[in-house]
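Here is the structure we will look at, set down as structure tokens.
When reading the values below, keep in mind they use all heavy atoms of this one structure, side chains included, and skip hydrogens, waters and symmetry mates. Because the structure is a prediction, the values reported are computed rather than measured. In what follows, residues are counted from 1 in the order of the sequence shown.
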Amino acid sequence: MNRYPLWKYLILAFAVVIGLLYTLPNFFGEAPAVQVSSGKATIKVDADLVPRVRQALEGAGLKPDFVQLEGNSVRARFGDTDTQLKARDAVVRVLNPDAADPSYIVALNLVSRSPQWLTSLRALPMYLGLDLRGGVHFLMQVDMKAALTKKAESLTGDLRTLLRDKNIRHAGIVRNGETVEVRLRDAEGLGRATTELRGALPDLVWVETNTGSEFKLAGTLKPEAARKVQEQALLQNINTLHNRINELGVAEPVIQQQGIDRVVVQLPGVQDVAKAKDIIGRTATLEIRLVDDSTEAQAAATGTGAVPFGTERYNERGGRPIIVKRQVILTGENLTDAQAGFDENQQPAVHLTLDARGARIFRDVTRENINKRMAILLFEKGKGEVVTAPVIRSEIGGGRVQISGAMTPVESADTALLLRAGSLAAPMEIIEERLIGPSLGAENIAKGFDSVLYGFIAIAIFMCAYYLLFGVFSTLALGVNLLLLVAILSMLQATLTLPGFAAIALVLGMAIDANVLINERVREELRSGASPQTAIHAGYERAWATILDSNVTTLIAGVALLAFGSGPVRGFAVVHCLGILTSMFSAVMFSRGLVNLWYGRKKKLAKVSIGQVWRPEGGVVNPESTPAEQA
């Protein structure tokens, strides 16, 4: 009746072992490390950089604990901060010989001290949030009016192209704030323009005005279209901030929308506010120019001649020099989308989409420069680099451009990302800035840990005193619940915040509630005169429905917080929901396993240790007596 099959005990043992393995890294603390990440958008950090970093350290006589690729950066761990500082200088000398034009960002960081065998199992510690580790908090305001103005400016070019293609003569197209105005020569032209523009640009509301000899057509974005433009600008800014902040190597940065025009940026572990501002406020612009393939240009590229007049020298991916004409054909403002894909030969390619003005210019330029090369440059911090320089094979019209050549699918995806999210869609201003020091974070960790520890001890004392051996089983199940919760958070690489600590303390109380229900149900069965084995079986079976109902309703509230909350509320909800799931496993299955292991092997069980059982009429039933004696 109260016996588990072997496979259930194996599941319980496996869960405990996994919980121990993935909880352990959180107790080793952090060690000083040097992190190497890309300093330019066109330079990718991969496994080939690891031996270069290792050689640089060996050349300086430094021995790291390990050097390995983690995500988009290479990290080398050391035993002390003095070695860390020497290592940074050694790596900078080798990887950035030109200090004025660094190719890599070499930064100081902290990594887990976990043994290598744990790391190889992907057993990593939880990330710590801003309130526990310290760092920088920014609240940024997006200039939505500028986004609408930029959209209106783009529409003026589209209108000129559209009216020219339809042979509609006009007296001028101007932008007046967020409104686009078209002046027509006569009433007939006004009527034709109104019909064409309302069909071609349905997102605008067109209003006709006729004052004497002046015919004017004014277009303003519809409220839903304006809202869509603002939402897209906000999302592109968030995406661009993600790309920039990744270079800092911040563990789990928080970049999220707040309201309709604000963005919250939290950078745990970053104490240099000036550097964080520099990264966040960086501008990246895209330019398309023609490549100079003349004899003089080729000589200049090889270093045997001077750079021809009207051209500039840049580097392609891989460091190859290339001579590019100064005249800018198109900029990133004319690019509306860039997606990775495949060409007609099923080779990796990048598909670009241009606006109306850009499509017209691109068509004319490609028609006049067939079999010539065209360079796409990305400028960051005033320095440009050639992303790609394909050969123009034919005239390209329709506003859709394909870049193909010797590239892998990964390179095509990277190139599309660079072209798509190189700059901010609308200006942003920092309206709130907050710095949290590491000492305050350490104090918060200590307080959070103490709250969980003292709460656990208080619950354990009460359960053991009130329920005796069953209280011990409940306390062990509560410990396993805490172990599994921390292990799952570590496996998911979740970010632990101070509200997360509060959620763990709350989960302890909720988890033990299930064991209280079970223990009281067992006592109730004993009061009814059931044998100990029957009481144990009935207690667990009949308490399960109540436990399930209470946990499901609480889980619904947690999911609501997870879906609609943000920031600290969301961090609380994640721990809360996971804690409910682990408590249902530990409080029912694990504690039942312990009880079955202790009492299930006894065929003639005469007593159980579950404390005093009180009869409704006020008498006391000794749970350690036999059922006959109780009667």
Exercise. Does any donor atom in the side chain of Glu70 or Gln68 lie under 3.5 Å from an acceptor atom in the other side chain?
Worked result: yes
For this session: Say whether Ser586 and Ser583, considering side chains only, have a donor N or O and an acceptor N or O under 3.5 Å apart.
Result: no
Problem set entry | Leu581 and Phe585: CA distance, side-chain angles, deciding distance, side chain to side chain contact (heavy atoms under 4.5 Å, CB included) verdict | CA-CA 7 Å; Leu581 297 176; Phe585 171 82; over 6 Å; no
Exercise. For the atom pair CE (Met463) and CZ (Phe470), what is the distance rounded to the nearest 0.5 Å?
Worked result: 11.0 Å
For this session: Report yes if the side chains of Leu496 and Ile504 come closer than 4.5 Å at any heavy-atom pair, otherwise no.
Result: yes
For this session: Measure from the side-chain N and O atoms of Asn26 to the backbone N and O of Met126, and report whether any donor-acceptor pair falls under 3.5 Å.
Result: yes
For this session: Please answer whether the main-chain N or O of Ala530 pairs with a side-chain N or O of Ser528 as donor and acceptor at a distance below 3.5 Å.
Result: no
Problem set entry | Side-chain (Arg75) to main-chain (Gln35) donor-acceptor, under 3.5 angstrom | no
Exercise. Is Gln533 reaching over with its side chain to a backbone N or O of Tyr599, donor-acceptor style, under 3.5 angstrom?
Worked result: yes
For this session: Specify the closest pair of heavy atoms between Gly558 and His576, including all atoms of both residues, with the distance to one decimal.
Result: CA-CD2, 3.6 Å
Seminar exercise, completed: Closest non-hydrogen contact found for Met589 with Tyr4 is O-OH, 3.4 Å
Exercise. Would a 4.5 Å heavy-atom cut-off, applied to side chains only, mark Leu469 and Ile610 as touching?
Worked result: no
Seminar exercise, completed: When rounded to the nearest 0.5 Å, the distance separating SG of Cys577 from CG of Leu562 is 5.5 Å
Exercise. Say you draw a straight line from CG of Asn481 to CG of Leu508; how long is it, rounded to the nearest 0.5 Å?
Worked result: 7.0 Å
Exercise. From Glu231 CD over to Lys228 NZ, what is the distance, rounded to the nearest 0.5 angstrom?
Worked result: 9.0 Å
For this session: Indicate the ring-plane relationship of Phe462 and Tyr467, choosing parallel, tilted or perpendicular according to the 30° and 60° boundaries.
Result: perpendicular
For this session: Output yes when Glu541 and Arg592 qualify as a salt bridge under the 4.0 Å nitrogen-oxygen rule, no when they do not.
Result: yes
For this session: Before accepting this row, confirm whether a basic side-chain N of the pair Lys447/Glu443 lies closer than 4.0 Å to the acidic partner's carboxylate O.
Result: yes
For this session: Please test Leu12 against Val16 for side chain to side chain contact (heavy atoms under 4.5 Å, CB included), starting from the C-alpha separation and ending with a verdict.
Result: CA-CA 6 Å; Leu12 294 176; Val16 172; 5.6 Å; no
Exercise. Thr119 side chain to Pro115 main-chain N or O, any donor-acceptor pair under 3.5 Å?
Worked result: yes
Exercise. Any side-chain heavy atom of Pro25 sitting closer than 4.5 Å to one from Leu124?
Worked result: no
Exercise. Is there a donor-acceptor pair under 3.5 Å between the side chain of Asn551 and the backbone N or O of Ile547?
Worked result: yes
Problem set entry | Polar side-chain atom of Ser73 near backbone of Leu69 as donor-acceptor pair, under 3.5 Å | no
Problem set entry | Tyr9 OH: over 12 foreign heavy atoms closer than 6.0 Å | yes
Exercise. Do you know the tightest heavy-atom contact between Val91 and Val53?
Worked result: CG2-CG1, 4.3 Å
Exercise. So Asn444 and Phe501, side chain to side chain contact (heavy atoms under 4.5 Å, CB included) or not? Walk me through it.
Worked result: CA-CA 10 Å; Asn444 288 338; Phe501 265 123; over 6 Å; no
For this session: Measure the CD1-CG distance between Ile105 and Leu95 for me, rounded to the nearest 0.5 Å.
Result: 12.5 Å
Problem set entry | Check: Asp549/Thr546 side-chain N/O donor and acceptor closer than 3.5 Å | no
Exercise. Between Asp131 and Thr497, does any side-chain donor sit less than 3.5 Å from a side-chain acceptor?
Worked result: no
For this session: Specify the closest pair of heavy atoms between Pro64 and Leu57, including all atoms of both residues, with the distance to one decimal.
Result: CG-CD1, 3.8 Å
For this session: Taking all heavy atoms of Ile238 and all of Gln256, pick out the closest pair and write down the distance.
Result: CD1-C, 4.5 Å
Exercise. Does the Thr23 side chain pair with the main chain of Leu483, one donor and one acceptor, at a distance under 3.5 Å?
Worked result: yes
Exercise. Yes or no on side chain to side chain contact (heavy atoms under 4.5 Å, CB included) for Leu49 and Val36, after CA distance, side-chain angles and deciding distance?
Worked result: CA-CA 9 Å; Leu49 185 61; Val36 182; 3.8 Å; yes
Exercise. Would a distance-only check, ignoring hydrogens and angles, find a side-chain to backbone donor-acceptor pair under 3.5 Å from Arg3 to Gly600?
Worked result: yes
Problem set entry | Flag, side chain of Gln257 to backbone of Gly259, donor-acceptor distance under 3.5 Å | yes
Exercise. Does the side chain of Leu482 reach to within under 4.5 Å of the side chain of Val452, using non-hydrogen atoms?
Worked result: yes
For this session: Decide yes or no for Val264 and Phe138: does some side-chain heavy atom of the first lie under 4.5 Å from some side-chain heavy atom of the second?
Result: no
Exercise. More than 12 non-hydrogen atoms from neighbouring residues, nucleotides or ligands closer than 6.0 Å to CZ on Phe28, yes or no?
Worked result: yes
Exercise. Under a 4.0 Å N-O cut-off, is there an ion pair linking Glu525 with Arg523?
Worked result: no
For this session: Locate the shortest heavy-atom distance separating Leu578 from Leu489; write the atom from each residue and the value.
Result: CD1-CD2, 3.5 Å
Exercise. Can you tell if the side chain of Val569 reaches within under 4.5 Å of the side chain of Phe564, non-hydrogen atoms only?
Worked result: no
For this session: Look at atom CH2 of Trp544 and say whether more than 12 heavy atoms of other residues, nucleotides or ligands are closer to it than 6.0 Å.
Result: yes
Problem set entry | Reported NZ-to-CG distance for the pair Lys86 and Asp80, which is rounded to 0.5 angstrom | 8.0 Å
Exercise. Does the side chain of Leu130 come within less than 4.5 Å of His137's, by heavy atoms?
Worked result: yes
Exercise. Around Ile260, counting heavy atoms of other residues, nucleotides and ligands shown, do more than 12 lie under 6.0 Å from its CD1?
Worked result: no
Exercise. Hey, does Leu234 have a side-chain heavy atom less than 4.5 Å from the side chain of Asp261?
Worked result: no
